[in-house]
Amino acid sequence: MKHDLERTPGMDASDGTFDSVQAFEAQVQTLVWPQTSWIGNAFADPANAELLPMRGSPVDGRTLPSLCAASAGLVDEAVRGARSALERGDWAQQPASARKRVLERMAQQLEHHATELCLMDCLSMGKPFARLMRQDAVKAAECFRWFAELIDKVEGELSPANPSRIGWVERVPLGVVAAITPWNYPLENIAWKLAPALAAGNSVVLKPAEQATYSALRFAQLAARAGLPPHVLNVLVGTGEGVGQTLVEHPGVDAVFFTGSTATGQRVCNSASRHRIKPVSVECGGKSPVVLWSGAGNLKQSVAEVCARIFGNAGQTCNAPSRLIVAAALVDEVRLYLDELASQYAPQDPRVGAPEHGALCNVSDAARIQSMVDTGVRAGAQIWVGGRCMQPVAGGAYFAPTVLANVDPASALAQQELFGPVLCVFTAQTLDDAIGLANDSTYALAAGIYTDHLPDALEFQRRVHAGNVYINGWGLDDISVPFGGLGNSGNGAKDKGLRAYEKCCATRSVTIRLPERR
Ligand code: ADP
């Protein structure tokens, strides 16, 4: 795919990285930070608005620009505006080719403004700027293009009915869709929700995470520039329990698409149906197992892939492989590789160069993870690597890549999602044991196995409880491959691919009685 990411002074043109903190900060000075909700293709008036509690940047603790929370009245205005755009047919009734062009231009706008979007996300949620540019921005644009392409490709169905009738099934928009997104892949998170919902002709009201709000607001402004009519995409600023919940419960919302933690997902499922029935799709957390089994090919390469997926993005990835299950015969060798490879993910200043691991999203996260690790160690877990906070930038929130062994499989460390760079290692004597350990979780988002023995791989794939299974490569995710979890990881609805589009459509069955032949 062709990438057309913006380049700015002080940035290395070959890979989109800043070569110095000064160059990064000079660019930050040029940013115009959006601070109020986006409704009807305009920013809301900040007058009399309540401010969200100030947040410190996890990069260095600096205070970020204030954000004005949407009032209940503004939530209502956004939902009513979205409904009126729908009823006028401003978006859904445009020719497919026109809607396709708008989504393509949204991808283009995202690429042309990638630097400012990624600067905001870097300071707001702590991910390395280079990684945001190379991965998040690129994949988000790719997602909009993929769904743009789909718009004029999907067809309806003709039913094989009685010859005296014609029956068909057509896809229609669900209506007003509420999208609630997290902060860990800010641009991708919103692309996964917005692109299929808009492709299917819905109006969307987005409530992004408090930690990733600026780029969502700016992107909505860019979407208007790309030709999206007023009220088709609205973005509300606010907390989850406040604005998020008001939006989810709103009787004018026809469907809710959520990604976030399991506890919040449960709350969203309950509150969405408070006033009426509406489809709800929730993508939640995980505690994903990866098995290194006999004949795992290049074992060092496999361990390197696991490290990249659990330590990259500081472990703040819902399908990060946080439980490593190793065939007993391989444990000593695996430990050597973990020693060598994990430390390569030591957190670094996310503003310069191209580190894989930057800050944690919230200043409080470092202490939370430390406390979980310390509790596990007091209960007998053994630290192989890391296990402590680090401070590559004063005032920020950083945690060392951490590998723990001898973890009690029933403990919080083994069962709860840490959302941090912590890998727990377990040993299995038999494949049955490995599958038993893998399934010893209430989550069921992703699971993987590395082995060159196909029957073992297929046995694992068949018996493991997970919405996504990876064989010989973790996170082999393509935009065309649907993604989503089971159990406490979600209600089975998928993001990405054709399934995401289907999820965003209602179907209408139409039957015509044909006139009798004369
Ligand atoms: P995290 O714990 O990682 O911050 P959450 O699952 O709490 O993640 O948040 C994910 C998204 O859900 C965010 O946009 C957040 O504001 C929103 N949210 C949180 N609580 C609620 C709620 N009760 N109703 C609707 N949305 C919520």
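Just follow the structure's listing: the first ligand is 1, and inside any ligand the first atom is 1. The residues of the chain are indexed from 1 along the displayed sequence.
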Step by step, work out the side chain to side chain contact (heavy atoms under 4.5 Å, CB included) result for Leu360 and Phe399. CA-CA 7 Å; Leu360 297 160; Phe399 203 84; 3.9 Å; yes
Need the ligand 1 atom indices (1-based, order shown) with element for anything under 4.0 Å from a heavy-atom of Glu210. 15 (C), 16 (O)
Of all heavy-atom pairs linking Val256 and Lys278, the shortest is CG2-CD, 3.9 Å
Thr259 touching ligand 1 at heavy-atom level, < 4.0 angstrom: yes
May I ask you to identify, for Phe258, whether its side chain, its backbone, both or neither come under 4.0 Å of ligand 1 on a heavy-atom basis? side chain
Among all protein non-hydrogen atoms, which one is nearest to atom 23 (N) of ligand 1, and what is the separation to 0.1 Å? Gln245 OE1, 3.5 Å
Considering only protein heavy atoms, which is closest to atom 17 (C) of ligand 1, and at what distance to one decimal place? Ile180 CG2, 3.5 Å
Could you check atom 1 (P) of ligand 1 against the protein and tell me its nearest heavy-atom contact, residue, atom and distance included? Trp183 NE1, 4.0 Å
Indicate the ring-plane relationship of Phe24 and Phe18, choosing parallel, tilted or perpendicular according to the 30° and 60° boundaries. perpendicular
Using the six-membered ring wherever Trp is involved, compare the ring planes of Tyr214 and Trp33 and label them parallel, tilted or perpendicular (cut-offs 30° and 60°). perpendicular
Considering only protein heavy atoms, which is closest to atom 25 (C) of ligand 1, and at what distance to one decimal place? Gly244 C, 3.3 Å
Can you check atom 6 (O) of ligand 1: any protein non-hydrogen atom closer than 4.0 Å? yes
Within 4.0 Å of some non-hydrogen atom of Gly260, the atoms of ligand 1 are 6 (O), 10 (C)
What protein heavy atom sits nearest atom 20 (N) of ligand 1, and how far off is it? Thr264 CG2, 3.2 Å
Given 3.5 Å as the limit, does a donor-acceptor pair link the side chain of Asn439 with the main chain of His465, or not? yes
Between Trp192 and Phe483, is the ring centre distance below 6.0 Å? yes
Using modelled atom types and a 3.5 Å cut-off, is there a donor and acceptor pairing between side-chain atoms of Asn488 and backbone atoms of Ala444? no
N or O pair under 3.5 Å between Arg267 and ligand 1: no
At a 4.0 Å threshold, what atoms of ligand 1 neighbour a non-hydrogen atom of Lys207? 14 (O), 15 (C), 16 (O)
Looking only at heavy atoms, which two atoms of Ala197 and Val204 are closest? And how far apart? CB-CG2, 3.8 Å
Closest by any non-hydrogen atom to atom 21 (C) of ligand 1: pick that one out of Ala209, Pro182, Gly240, Ala212. Gly240
Run Asn184 and Phe419 through side chain to side chain contact (heavy atoms under 4.5 Å, CB included) and show every step you take. CA-CA 10 Å; Asn184 56 340; Phe419 231 54; 3.5 Å; yes
Quick check: does Thr181 get an N/O under 3.5 Å from an N/O on ligand 1? yes
Atoms in ligand 1 flagged as close to Val268, the criterion being non-hydrogen separation under 4.0 Å: 24 (N), 25 (C)
If you count heavy atoms of other groups shown closer than 6.0 angstrom to CZ of Arg80, is the number above 12? no
Can Asn362 and Ser364 be counted as having a side-chain donor-acceptor contact under 3.5 angstrom? no
Where ligand 1 meets Pro208 - atom numbers and elements under 4.0 angstrom, heavy-atom basis: 14 (O)
Counting heavy atoms only, which part of Ser271 comes closer than 4.0 Å to ligand 1: side chain, backbone, both or neither? neither
